[in-house]
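As structure tokens, the structure follows; a few thoughts come after it.
In each ligand, atom 1 is the first atom listed, and ligand 1 is the first ligand listed. Numbers here simply count residues along the sequence, with the first being 1.
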Amino acid sequence: MFAQIEELIAEKRAAGIDLISLGIGDPETPTPSLVADVLCEHARNPSTHRYPSNKGRPSFREAVASFYATRFGVSLDPDTEIIPALGGKEAIANLNLAFLDPGDIALASDPGYPVYTSGPILAGADPFYLPLTPENDFLPDLDAIPAETLSRARMLYLNYPNNPTGAVVEGDFFARVVEFAKANDLVVIHDNAYSELTYDGYVAPSFLETPGAKDVGLEVFSLSKAYNMTGWRIAAVVGNAELARIYWQLKTNIDSGMFEAVQEAGAAALLSDQSSVAQMRETYRRRRDTLVPALQAIGLHVEPPKGTIYVWAPVPEGETSASFTEKMIDQAAVVMSPGTGFGPSGEGFVRMSLTLEDERLDEAAERIAALVGR
Ligand SMILES: *Cc1c(COP(=O)(O)O)cnc(C)c1O
């Protein structure tokens with residue numbers, strides 16, 4: 001299916017058609033200049049030029065602790081509960097290697113970030129899909145997991161605000177997760193890539209705010225999306241000290257840590273007044289509110305998401321993810337991601353990313369709306 005869509009894209013481009021891609025979630029806005037300035041300053045300081053300390057600079061770990069205290073009311077010990085990671089992706093891939101043996105199962109939401117399923121396979125373990133559907137508010141139905149699966153399960157991946165569905169958690173879901181993890185001896189990994197990008201007054205929690213969460217899990221906090229730092233490779237693994245130590249012990253065998261000038265820049269981002277993040281929220285909200293009405297105009301039943309940088313939309317009746325994606329390329333010259341790329345339960349959906357310049361996003365919305373009645 002993807003090869004077919006790639007072929008169609010290549011065909012259109014060769015024919016000189018100006019396609020607008022809403023496919024990839026990678027902020028097009030530059031990293032805040034105050035963060036880049038701190039990098040430059042520290043890059044000239046020879047104290048950052050040697051192998052980094054593999055537990056991270058104290059200044060970075062303290063900045064993460066300070067951010068978690070003020071933003072989430074979560075207290076973290078910078079010495080034992082925070083490990084810098086070379087991006088959330090590295091953390092998730094290595095957490096699989098740290099905690100899974102062949103024969104184990106990792107529970108992963110479907111649709112979901114691909115590393116929750118490829119990571120277990122690389123560790124010789126098996127991923128088990130937990131479907132996220134509109135009927136269950138895009139939260140996994142923990143009670144539907146078969147007992148035999150649960151007995152082999154070692155890890156549970158969660159990600160809210162959620163990529164690709166844009167769903168957020170409300171109510172007692174995280175409290176039920178803590179209880180479930182304790183009852184079934186699971187390590188919970190909450191992938192927190194989008195807590196800072198929410199709309200309409202919704203404020204996303206950290207999983208670690210939930211009483212007991214630190215007993216059962218870790219949170220992966222990435223700076224990529226909140227601070228437009230996808231190219232910098234910076235995140236932190238935070239939470240349970242023993243689990244963090246095991247992750248760190250594995251990681252010291254694989255990489256040699258993060259450039260310390262990058263750690264200083266990340267610390268500056270976390271300790272900044274967060275006005276750049278407020279600006280990004282406003283930018284994405286405006287784009288969301290341009291795109292969603294265009295989708296509604298052509299009959300898609302889509303709600304504006306309260307979080308993330310994506311719109312997840314069900315395709316019209318009679319279409320599949322692939323057929324609708326091809327139709328949009330063909331008729332509107334707009335590229336979306338077919339939902340099936342994120343797992344089998346993504347069938348019947350497409351994902352659109354809000355990470356392209358306003359004029360292009362506006363143009364994409366206009367092209368979609370122009371299909372009304374076609
Ligand atoms: C973007 C994203 C990440 C962040 O990845 P980095 O490696 O930190 O850039 C992690 N998880 C999800 C679900 C994402 O969408």
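- Close approach to D191 involves these atoms of ligand 1, each under 4.0 Å from a residue heavy atom: 10 (C), 11 (N), 12 (C), 13 (C).
- For the 3.5 Å distance criterion, the side chains of Y227 and Q274 qualify, holding a donor opposite an acceptor.
- Checked against a 3.5 angstrom limit, the closest N/O atoms of A193 and ligand 1 fall outside it.
- Taking a 4.0 Å cut-off on heavy atoms, R233 registers as neighbouring ligand 1.
- Relative ring orientation between H49 and F259 is described as tilted, the plane-to-plane angle lying within the 30° to 60° band.
- Judged by the 6.0 Å distance and 45° axis criteria, R285 is not positioned over the aromatic ring of Y199.
- Ligand 1 has no N or O atom lying under 3.5 Å from any N or O atom of N159, backbone or side chain.
- A donor atom on one side chain and an acceptor atom on the other are not found under 3.5 Å apart for T340 and E347.
- Taking any N or O of T230, backbone or side chain, none lies under 3.5 Å from an N or O belonging to ligand 1.
- Residues Y68 and E219 bring a donor and an acceptor atom of their side chains to less than 3.5 Å of each other.
- Residue G88 has at least one heavy-atom neighbour below 4.0 Å for each of these atoms of ligand 1: 6 (P), 7 (O), 8 (O).
- Aromatic rings of Y157 and H190 (six-membered ring for Trp) have centroids beyond the 6.0 Å cut-off, not under it.
- Checked against a 3.5 angstrom limit, the closest N/O atoms of E90 and ligand 1 fall outside it.
- Using a cut-off of 4.0 Å between Lys/Arg side-chain N and Asp/Glu carboxylate O, R360 and D18 are scored as salt-bridged.
- Distances below 4.0 Å separate heavy atoms of G87 from the following atoms of ligand 1: 7 (O), 8 (O).
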### Task
Assess whether side-chain hydrogen bond (donor to acceptor under 3.5 Å, both in side chains) is satisfied between N45 and T48, documenting all intermediate values.
CA-CA 6 Å; N45 179 343; T48 66; 5.8 Å; no
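- Looking from atom 9 (O) of ligand 1 to the surrounding protein, the closest heavy atom is S224 OG, 2.6 Å.
- For atom 1 (C) of ligand 1, the nearest non-hydrogen atom of the protein is K225 NZ, 1.2 Å.
- In terms of protein heavy-atom proximity, atom 5 (O) of ligand 1 is closest to Y113 OH, 3.7 Å.
- Within the structure, the closest approach of Y116 to ligand 1 falls below 4.0 Å when heavy atoms are considered.
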